[in-house]
Amino acid sequence: MFDFRTRRKFILYTIMTILFIIFFFPLLYMISTSLTPNEDLILQNMSTIRAFFPSEIGLKNFSDVFQRMPFGRFLFNSLFIVSTTILLGLVVNSMMAFGLARFNFKGRNLIISTVLALMIIPFEAIAVPLLLITNRLGWLDSYQVQIIPFIANPFYIFLLYQFFINFPKELEEAAIIDGANWYQIYYKVAMPLSKPVLASVAILHFLMQWRRFLWPLMVTRGPSYRPLTVAMQVFFGEYPRLWGDIMAYVAMMTLPVVILFVILQDRYVSTVARSGIK
Amino acid sequence: MNRSNKTVIGTFLTPAVVLLMAFMILPFVMAFVLSFTNSRLIPGPRGTQYIGLTNYQKLVEDNMFWRGLKHNFYFVIIVVPIQTSLALLLAILVNQKLKFSKFFRTFYFIPTVTAMVAVAVVWSFLYHPNGLINSFLTFITGGVWGGVDFLNTTRWAFPAIMAMSIWQGVGFQMLIFLAGLQDIPSSYYEAADIDGANSWEKFKYITLPQLKNTTTFVVISTTILAFRLFTQILVMTNGGPQGSTYTVMLHIYKMAYQRLNIGYGSALTVVFFIIILIISLLQRYLLGEQREVA
């Protein structure tokens, strides 16, 4: 007979393992299907446990994806759009936050309240007029239409502002005595000290931009500027669906990010905590 | 020390201010203005005209809009309670001091870092009439479950999308709850131990009240997400079958983008924003302005 402690542990582990299976099987299914080179075998196995242990294994689906579409181009588009937005966003948002937190000037409170109010506006509420604006600017089907509107972000400004406002004044006063100007204080004192919060902002920005779907769907046409999320549309119009190829595409898009976040998980966990209410 | 040098302040603020004005404030104001016009993405020969409340009149009589809105509310009523309680359960589980807690935590949050469009495709395959979910349900019911074409049946398509959305999103709320749990001082639980409280009493009298703000935040943010529901609908059902998964966002997309009717799309957007605004103000009210400027 188990004692109370062992029984409790047993129950907890059982529940956690069942949940583990629920959370993990779709991804495992994606991986095993992507590695099944034979489309008939995929359809034959699709409803059984054998789907997870295909009798044939190969990378044919992956090479198919590269052959049938410019996958490398889509990957580059996604990476370029995401990384440019994050880098410019870190600079622009932290400068704004630093300015609001470290200076007193007329209109400061108005700007702060405006930034807070803007946090309520979801992207979907401005997508339609933004489509009109970017169309008038002649930006449709380009990189900038997917980058420039998403650089400044009120929520990230707010997160950084909260950090800078608690930043001890003595540090910058010491820097000023040493002859530093405000740009040097921002760049050499404030930036290095705010690495954790900058990392959080970068993570949130990454997730937002990497997963973006509605906007690139509306503003891109051909393959030239399409990110991975929207380029996947090619598969949706085809019948019968080639599930092996689809899964290979999805796996290549998903797994690197999953692995990255598993490695950076402590940072991710603290980022989510920061984005929630304290 | 000079804290009011206009050039310096201007340099720090200008880039973000210009971008926010051009790509947030301007389109936001334009949504209101355009909603009173017949603006189209590609203007017709007579250009754009002021048409008063015509778009809003059309909206009131637009069955597809009301159907979409009804589905959004339906999604909120079903998904928000399930997702919130499941997230709390997961957070409590991974907060136990067990050897593999961190391992399980990792796997519970993995879906939240995936792109919705990608996992929606994987789940379409799982929901196939001959797919894994059907055969699993047939197996555990001993053959009673006959198998259904989830995404092509009016009765099952929306619940199927709901289940998948919970799977994808719950890990994020779990992490928020986990942060909330770890902020509860352990002395509270120790005091309860001395008083002889059992686990359920500790949960009811310490954990739940201490998590009140976190829970409010999770409920409201999940509700807002429910109104923004779009990607998985477009990928898995495109609003079908027979409009059974149609949502407000899908309607806005179809009107503004596919029919190029910016004016009507803007009117829909304004109504959509007012709903979000009400929910957000409710959140600020319930949380007592915790995010007020320092």
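Here is how names work: the chains are called A, B, and so on, in the same order as the sequence lines, proteins then strands, and each is numbered from 1. Hydrogens, waters and symmetry mates are skipped; everything else that's a heavy atom, side chains included, is used.
At a 4.5 Å heavy-atom cutoff, A:L228 makes no contact with chain B through either its backbone or its side chain. Only the side chain of B:R105 comes within contact range of chain A, judged by heavy atoms closer than 4.5 Å. For A:R136, the part sitting under 4.5 Å from any heavy atom of chain B is the side chain, from C-beta outward, and nothing else. If you measure heavy-atom distances from A:F261 to chain B, the contacts under 4.5 Å come from both the backbone and the side chain. Looking at B:M24, the atoms closer than 4.5 Å to chain A (heavy atoms on both sides) sit in the backbone and in the side chain alike.
To the nearest 0.5 Å, atom OG1 of residue B:T14 and atom CE of residue A:M96 are 9.5 Å apart. Note that CG of A:L12 is 14.0 Å distant from CZ of B:F100, once rounded to the nearest 0.5 Å. A distance of 9.0 Å separates CZ in B:F28 from CD1 in A:I120, rounded to the nearest 0.5 Å. The CG atom of A:N93 lies 7.5 Å from the CG atom of B:L20; values are rounded to the nearest 0.5 Å. Taking CG of A:L132 as the reference point, atom CG of B:L34 lies at 6.0 Å (rounded to 0.5 Å). Between the CD1 atom of B:I42 and the CG atom of A:N135 there is a distance of 7.0 Å, given to the nearest 0.5 Å.
Contact of the B:M116 side chain with the A:R211 side chain is not registered, since no non-hydrogen atoms from C-beta on lie closer than 4.5 Å. Side-chain contact between B:F104 and A:L19: absent, with no pair of heavy atoms (C-beta onward) separated by less than 4.5 Å. When side chains are defined from C-beta on, B:L19 counts as touching A:V92, because their heavy atoms get closer than 4.5 Å. Residues A:P122 and B:F227 form no side-chain contact, since every pair of their non-hydrogen atoms from C-beta on lies 4.5 Å or further apart. The closest side-chain heavy-atom distance from A:V230 to B:V117 is not below 4.5 Å. Looking at B:F273 and A:I126, their side chains never come closer than 4.5 Å, going by heavy atoms from C-beta outward. Contact check for A:M16 versus B:L98: side-chain heavy atoms found under the 4.5 Å cut-off. Using a 4.5 Å heavy-atom threshold, the side chains of B:L132 and A:F25 count as touching.
Annotation: maximal heavy-atom pairing with chain B below 4.5 Å, among A:R241, A:M253, A:M232, A:Q233, occurs at A:M232. Counting heavy-atom pairs closer than 4.5 Å to chain A, the top-ranked of the candidates B:V17, B:V94, B:T11 is B:T11. Contact tally against chain A (heavy-atom pairs below 4.5 Å) for B:Q258, B:K102, B:R228, B:M30: the top residue is B:R228. Each of A:M247, A:M46, A:R212 has some count of heavy-atom pairs under 4.5 Å with chain B, and the biggest count is that of A:M46. Heavy-atom pairs under 4.5 Å with chain A were tallied for B:V170, B:V122, B:L281; the largest tally goes to B:V122. Comparing A:I111, A:I246, A:I148, A:T254 by how many heavy-atom pairs each has under 4.5 Å with chain B, the most go to A:I148. Highest contact tally toward chain B, considering only A:A127, A:S270, A:G89, A:A125, is held by A:A125 [criterion: heavy-atom pairs under 4.5 Å]. Taking A:S94, A:A51, A:P154, A:A251 one by one and counting their heavy-atom pairs under 4.5 Å with chain B, the maximum is reached by A:P154. Of the listed residues (A:L43, A:V115, A:I133, A:N153), the greatest number of heavy-atom pairs within a distance under 4.5 Å of chain B belongs to A:I133.
Using a 30° and 60° split on the angle between ring planes, A:W243 and B:F125 fall in the parallel class, below 30°.
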Q. B:T112 and A:Y268: side chain to side chain donor-acceptor pair (under 3.5 Å), yes or no, with the steps?
A. CA-CA 11 Å; B:T112 70; A:Y268 178 60; 2.8 Å; yes

Q: Tell me, with the steps shown, if B:Q96 and A:R8 meet side chain to side chain contact (heavy atoms under 4.5 Å, CB included).
A: CA-CA 11 Å; B:Q96 303 290 322; A:R8 179 173 166 275; 2.6 Å; yes

Q: Let me see the working for B:F272 and A:E124 under side chain to side chain contact (heavy atoms under 4.5 Å, CB included), right down to the final yes or no.
A: CA-CA 9 Å; B:F272 165 81; A:E124 290 83 347; 3.7 Å; yes

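When the options A:F23, A:F24, A:F20 are evaluated for a ring pair (Phe, Tyr, Trp, His ring centres under 6.0 Å) with B:Y108, the one that passes is A:F23. Each of A:Y183, A:Y187, A:W182 was compared with B:F12 under the ring pair (Phe, Tyr, Trp, His ring centres under 6.0 Å) criterion, and only A:Y183 meets it.
Between A:F103 and B:V8 the shortest heavy-atom distance is CZ-CG1, 3.8 Å.
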